[in-house]
Number of protein chains: 2
Amino acid sequence: MTWNRPSQDCPVEIALAAISGRWATLVLRDLMHGPRSFSQLREGLPSLSAKVLTERLDSLVAQGLVSCSRSPGFPVRTSYELTPAGMLLRPLLVQLYRTGEALLGELAQH
Amino acid sequence: MTWNRPSQDCPVEIALAAISGRWATLVLRDLMHGPRSFSQLREGLPSLSAKVLTERLDSLVAQGLVSCSRSPGFPVRTSYELTPAGMLLRPLLVQLYRTGEALLGELAQH
DNA sequence: CAGGATCCTAAAAGATACTG
DNA sequence: CAGTATCTTTTAGGATCCTG
């Protein structure tokens, strides 16, 4: 099936939603390396504000790509982790990188 | 090399720029099938306004992914066509589709 | 530690009407 | 035919300060 407008049912849009938004691919890259706490993610991405990080994570959780667990006690510790669905994004991130490299090479010729 | 913030130098961001913006992947899909005039693109995507189509095309041309030629005479005819660089986006679109399908399958399980 | 609450600005998208 | 010009609305992103 094909579409003549952006639709949430189109697989392309589903995949796009997962990697959309500033910082999204960088957050995902970090999570590809294993579970991370909120602070760990912030340390790795110092210029990313708490608000935007929260937005990205909420979105990923809502899409079923990331899960979050909280340690009991105080202070709280969180652990964000890719779900099986989230791991399916790895080939897409790889392809984004490869395509970008190819474009840099091709465009450098002229 | 890796990055700790979104940078125009990162290959991932280069590739992302090419497919970013509403309707972008749909316009690219059309162009993957061959050269298209402005009107042909509008016919294929009836809900896309002339303004946004112009923005998408200008952006693709500016990135060196699409070229535009105008017929002499009147009325003018345009022909938008993927450049060699633009054709490099095909595997990325395929991967977006495949990943979306995989996500739909995985998320349907639960 | 892990966010939530506000406020603000800028960019993106859409509607409508018009032009070379 | 192939756009441009305006205007309005929506959305995203960032800054700052506050809380369980």
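Side-chain atoms are counted along with the backbone in the values below, which use heavy atoms only and exclude waters and symmetry mates. A quick note: this is a predicted structure, and the numbers were derived from the prediction, not measured.
- With distances taken from any side-chain atom of B/R70 to the nucleotides C/dG3, D/dA2, C/dG14, the minimum falls on D/dA2.
- Taking atom CG of B/L48 as the reference point, atom C1' of C/dA12 lies 13 Å away to the nearest angstrom.
- Here the P atom of nucleotide D/dG3 and the CD atom of B/Q40 are 13 Å apart, to the nearest Å.
- Computed from coordinates, the A/F38 CZ to D/dT19 C1' distance equals 14 Å when rounded to whole Å.
- A donor-acceptor pair is defined here as one N or O able to donate and one able to accept, closer than 3.5 Å; such a pair exists between the side chain of B/R29 and the backbone of A/W3.
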Margin query: Could you walk me through whether A/L60 and A/L82 satisfy the side-chain contact (heavy atoms from CB on, under 4.5 Å) test, starting with their C-alpha distance in whole Å, then the side-chain angles of each, then the deciding distance to 0.1 Å, before giving a yes or no?
Written below: CA-CA 9 Å; A/L60 291 168; A/L82 290 174; over 6 Å; no
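- In terms of modelled atom types and a separation under 3.5 Å, the side chain of B/T83 and the main chain of B/L65 share a donor-acceptor contact.
- In this structure, A/L57 places its CG atom 10 Å from P of C/dG4, rounding to the nearest Å.
- Remark: side-chain polar atoms of A/R98 are not paired, donor with acceptor, to backbone N or O of B/L92 under 3.5 angstrom.
- At the heavy-atom level, B/R42 lies nowhere under 4.0 Å from the strands shown.
- Between B/S39 and the phosphate of D/dA2, there is a side-chain N or O to OP1/OP2 separation shorter than 4.0 Å.
- Rounded to an integer number of Å, the gap from CG of B/L41 to P of D/dA2 is 9 Å.
- In this structure, B/D58 places its CG atom 13 Å from P of C/dA12, rounding to the nearest Å.
- Dashed line: the shortest gap from a side-chain N or O of B/Y80 to OP1 or OP2 of D/dG3 is under 4.0 Å.
- Rounded to an integer number of Å, the gap from B/R22 CZ to D/dT10 C1' is 11 Å.
- Side chain of B/R77, nearest nucleotide from C/dG14, C/dC1, D/dC1: D/dC1.
- When the side-chain nitrogen and oxygen atoms of A/W23 are compared with OP1 and OP2 of D/dG14, one or more of them lie within a distance under 4.0 Å.
- Phosphate proximity of C/dG3 to A/T78: present, with a side-chain N or O under 4.0 Å from OP1 or OP2.
- With hydrogens and angles ignored, the 3.5 Å screen pairs no side-chain donor or acceptor of B/Q95 with any backbone N or O of B/P91.
- When each of A/E55 and A/V76 is assigned the nucleotide of DNA chain D bearing its nearest heavy atom, the one mapping closer to the 5' terminus is A/E55.
- The side chain of B/K51 lies closest to C/dA15 when the candidates are C/dC1, D/dG3, C/dA15.
- Rounded to whole Å, the distance from CD on A/E43 to C1' on C/dA2 is 13 Å.
- Counting non-hydrogen atoms under 4.0 angstrom, B/S49 reaches nothing in the nucleic acid.
- For B/V52, the side-chain atoms get nearest to C/dA13 when compared with the rest of D/dC1, C/dA13, C/dA2.
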